[in-house]
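This report refers to the structure that appears directly beneath it.
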Protein chains: 2
Amino acid sequence: MKTETKRGRPRKFDEDETLDRIMLLFWKNGYSATSLDQIAETTGLNRPSLYAAFGSKKAMYLKIIERFADRMHTYLRQAGMETEGAAPRLKAIMAAAIELYTGQTELNGAPYGCLAISTLQSEAVEDADFRQALDRVITRMDKGIASLIRHETRDSLTENEVREAAQHLALILHGLSIRARAGENPEALKILAESAVDKILPGTSHG
Amino acid sequence: MKTETKRGRPRKFDEDETLDRIMLLFWKNGYSATSLDQIAETTGLNRPSLYAAFGSKKAMYLKIIERFADRMHTYLRQAGMETEGAAPRLKAIMAAAIELYTGQTELNGAPYGCLAISTLQSEAVEDADFRQALDRVITRMDKGIASLIRHETRDSLTENEVREAAQHLALILHGLSIRARAGENPEALKILAESAVDKILPGTSHG
DNA sequence: CTATTTTTGTGCGATATGGTACAAAAAAGA
DNA sequence: TCTTTTTTGTACCATATCGCACAAAAATAG
């Protein structure tokens, strides 16, 4: 624990809180439409301080994406642990994701969808770093869901079935993020998510 | 047919070809990251001409989105008519969409995903016109797929089953667009799409 | 108290931005 | 030919953009 041993003038701001504010800006406007002036205003910092702390606008954004992905991971994992069985856990995870997408969590009170899905795409062609960040987020979601399915359905599914079901559910989830940002009804999205799990997870009763 | 009856100086450019070039720019860079200078350069027109012909940057973009949705509609409809039966038609449509998303059509030779899904989202929160445009594109896709399913499975499905399956497939399709723009393998996406149809369409054999 | 280190804040610089005024150009009408 | 209409192209405007010098400020170390 290294505390209070730094030499120079102390920082006037809390780094985590500042990153949260910047995240909300990027989440609302996207990357290109967010300016350093806006960031400076909502954080109360001036540009040189921002630049010194986080580097360029791009570095700031990519750091925030990574941070978001981490938080999302733990948030969804936690949501999945409140029930048992593959299908119920998957449904709980998807319901939790939809709640976040539609602005019903403390992380974001507005229906902005998934930060990565909503804002990374438009920049993904011109800049390879953005494209890779997007692909990492997707792959991470695939693997996370696959790991849950694999764990909950020991030996009853082949590895291919597990991975395929996980990708199908991730595809659905990303589609739901888009609809959340398009302003669609949260409850309707939850119903879609539930029935999607029933259809996609092998061995579940098909209505 | 009113031709060659206009009074003033003739236009130096073909409107359709020009819109195509602008579309590709927006498709690549997104809305905010595309400048009028870039548009002027790739079209060979200067800004006043562009402005006179299409209005503001925003009007230009929204017109191009609408035009894209129309083309996509006819393109997918045509792809679906080359087979018979609900599942084969849906698979053909999804395969065609993936080919377009991954840059294997003459409309776009690069893997940019769906123009609307890729570029509309980031602007959808700040500007209600963009959000509505996004929602229209989504709803149109829902209805198009539902209409096909309804037509191909007369009486064997309830209206609710039809609409739900259509929305599930649209969700998958939008997820696939994201993955295409993220650079994922087109053949892998096609396999995912095929198996998704098998799982989602009621009454199809479940692997 | 002095030197050192780090952050802050003012201010700037070079360029890019969306949009437009205005005159020249190119067609048709009379 | 002379007017009218429409498009073109130059030049411009006000502002916004990202990024950075540079000195003052605020802490610690000796």
Side-chain angles (χ1 to χ4, degrees), chain A residues 1-19 21-23 25-26 28-65 119 122-123 126-127 129-130, chain B residues 1-19 21-23 25-26 28-65 119-120 122-123 126-130:
Chain A
M1 290 202 201
K2 38 156 189 171
T3 347
E4 306 302 311
T5 326
K6 40 187 180 184
R7 207 68 145 57
R9 177 173 177 170
R11 276 194 176 164
K12 240 187 66 181
F13 65 96
D14 177 61
E15 183 160 327
D16 240 48
E17 190 186 329
T18 299
L19 283 173
R21 289 180 197 273
I22 304 175
M23 176 178 70
L25 255 187
F26 279 132
K28 184 166 78 174
N29 305 321
Y31 175 76
S32 288
T34 300
S35 71
L36 286 186
D37 275 342
Q38 285 176 285
I39 295 173
E41 197 197 343
T42 43
T43 58
L45 302 177
N46 39 39
R47 281 201 291 265
S49 291
L50 285 167
Y51 208 79
F54 308 113
S56 67
K57 180 185 173 187
K58 175 177 165 180
M60 238 164 66
Y61 175 74
L62 289 177
K63 178 178 195 147
I64 285 172
I65 288 284
T119 68
S122 51
E123 326 291 329
E126 268 293 81
D127 191 314
D129 295 330
F130 287 72
Chain B
M1 291 205 200
K2 38 157 190 169
T3 348
E4 307 302 311
T5 325
K6 42 187 177 182
R7 205 72 145 55
R9 179 173 177 170
R11 275 192 176 165
K12 241 187 66 181
F13 65 97
D14 177 62
E15 183 160 328
D16 239 49
E17 190 185 331
T18 299
L19 283 172
R21 289 180 197 273
I22 304 175
M23 175 178 70
L25 256 187
F26 279 131
K28 184 166 78 174
N29 304 322
Y31 175 75
S32 288
T34 300
S35 71
L36 285 186
D37 275 342
Q38 286 176 285
I39 294 173
E41 196 197 342
T42 43
T43 58
L45 303 177
N46 40 39
R47 280 201 292 256
S49 292
L50 285 166
Y51 209 80
F54 308 112
S56 68
K57 181 186 174 187
K58 175 178 167 181
M60 237 164 66
Y61 175 75
L62 288 177
K63 176 179 196 145
I64 285 171
I65 289 284
T119 69
L120 216 33
S122 50
E123 326 291 330
E126 268 293 82
D127 191 313
D129 295 330
F130 287 73

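Chain A is the first sequence line, chain B the second, and so forth, proteins listed ahead of strands; every chain is numbered from 1.
- Over its length, the helix from dC1(C)-dG30(D) to dA30(C)-dT1(D) turns its helix axis by 10°, as judged from the five terminal pairs at each end, rounded to 10°.
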All N/O contacts under 3.5 Å from nucleotides 2-6 of chain D to the protein, with atom names and distances to one decimal?
| from | atom 1 | to | atom 2 | distance (Å) |
| --- | --- | --- | --- | --- |
| dT4(D) | O2 | Arg7(B) | NH1 | 2.8 |
| dT6(D) | O2 | Arg9(B) | N | 3.0 |

Please write out each protein N/O paired with an N/O of nucleotides 20-22 of chain D under 3.5 Å, distance rounded to 0.1 Å.
| from | atom 1 | to | atom 2 | distance (Å) |
| --- | --- | --- | --- | --- |
| dC20(D) | OP2 | Tyr51(A) | OH | 2.6 |

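- Residue Asp37(B) contributes atom CG, which lies 14 Å from atom C1' of dA16(D) at whole-angstrom precision.
- The separation between Leu36(B) atom CG and dA11(D) atom P is 19 Å, rounded to whole Å.
- Atom CD of Glu41(A) sits in a sparse spot, with 12 or fewer heavy atoms from other residues, nucleotides or ligands closer than 6.0 Å.
- Listed by residue number, Ser56(A), Lys57(A) are the residues of residues 55-63 of chain A with a heavy-atom contact under 4.0 Å to DNA chain D.
- As a whole-Å value, the separation of Phe13(A) CZ from dG9(C) P is 11 Å.
- If you measure from atom CG of Leu45(A) to atom C1' of dT10(C), you get 15 Å, rounded to the nearest angstrom.
- Between the P atom of dA16(D) and the CG atom of Asn29(A) lies a distance of 15 Å, rounded to the nearest Å.
- One finds the OG atom of Ser35(B) at 8.0 Å from the CZ atom of Arg47(B) (value rounded to the nearest 0.5 Å).
- The nearest whole Å value for the distance from the CG atom in Asn46(A) to the C1' atom in dA25(D) is 13 Å.
- Side-chain contact check for Tyr61(A) and Thr119(A): at least one donor-acceptor pair (N or O, by modelled atom type) lies under 3.5 Å.
- Contact of the Leu19(B) side chain with the Glu15(B) side chain is registered, since non-hydrogen atoms from C-beta on lie closer than 4.5 Å.
- Rounded to whole Å, the distance from CG on Leu50(B) to C1' on dT17(C) is 15 Å.
- Residue-level contact check: Thr34(B) touches the backbone only, with heavy atoms under 4.0 Å from sugar-phosphate atoms and none from bases.
- The backbone N or O of Thr34(B) lies less than 3.5 Å from a partner atom in the side chain of Lys57(B), making a donor-acceptor pair.
- Distances shown here put a side-chain N or O of Ser49(B) below 4.0 Å from the OP1 or OP2 atom of dT8(D).
- For Thr43(B), the side chain to side chain contact (heavy atoms under 4.5 Å, CB included) criterion is met by Thr18(B), Arg21(B), Ile22(B), Ile39(B), Leu45(B), Leu50(B), not counting sequence neighbours.
- Taking all atoms of both residues into account, the shortest heavy-atom contact from Gln38(B) to Ala33(B) is OE1-O, 3.3 Å.
- Between Ser35(B) and dA16(C), a side-chain N or O to OP1/OP2 separation shorter than 4.0 Å is absent.
- One finds the OH atom of Tyr31(B) at 12.0 Å from the OG atom of Ser32(A) (value rounded to the nearest 0.5 Å).
- The distance from atom CD of Glu41(A) to atom P of dA16(D) is 12 Å, rounded to the nearest whole Å.
- Considering only residues two or more places apart in sequence or on other chains, Ala53(B) meets the side chain to side chain contact (heavy atoms under 4.5 Å, CB included) condition with Arg11(B), Phe13(B).
- Of all non-hydrogen atoms in Asn46(B) and Ser49(B), the two that sit nearest each other are OD1-OG, 2.8 Å.
- Separating the CG atom in Leu62(B) from the CZ atom in Phe26(B) is a distance of 9.0 Å, to the nearest 0.5 Å.
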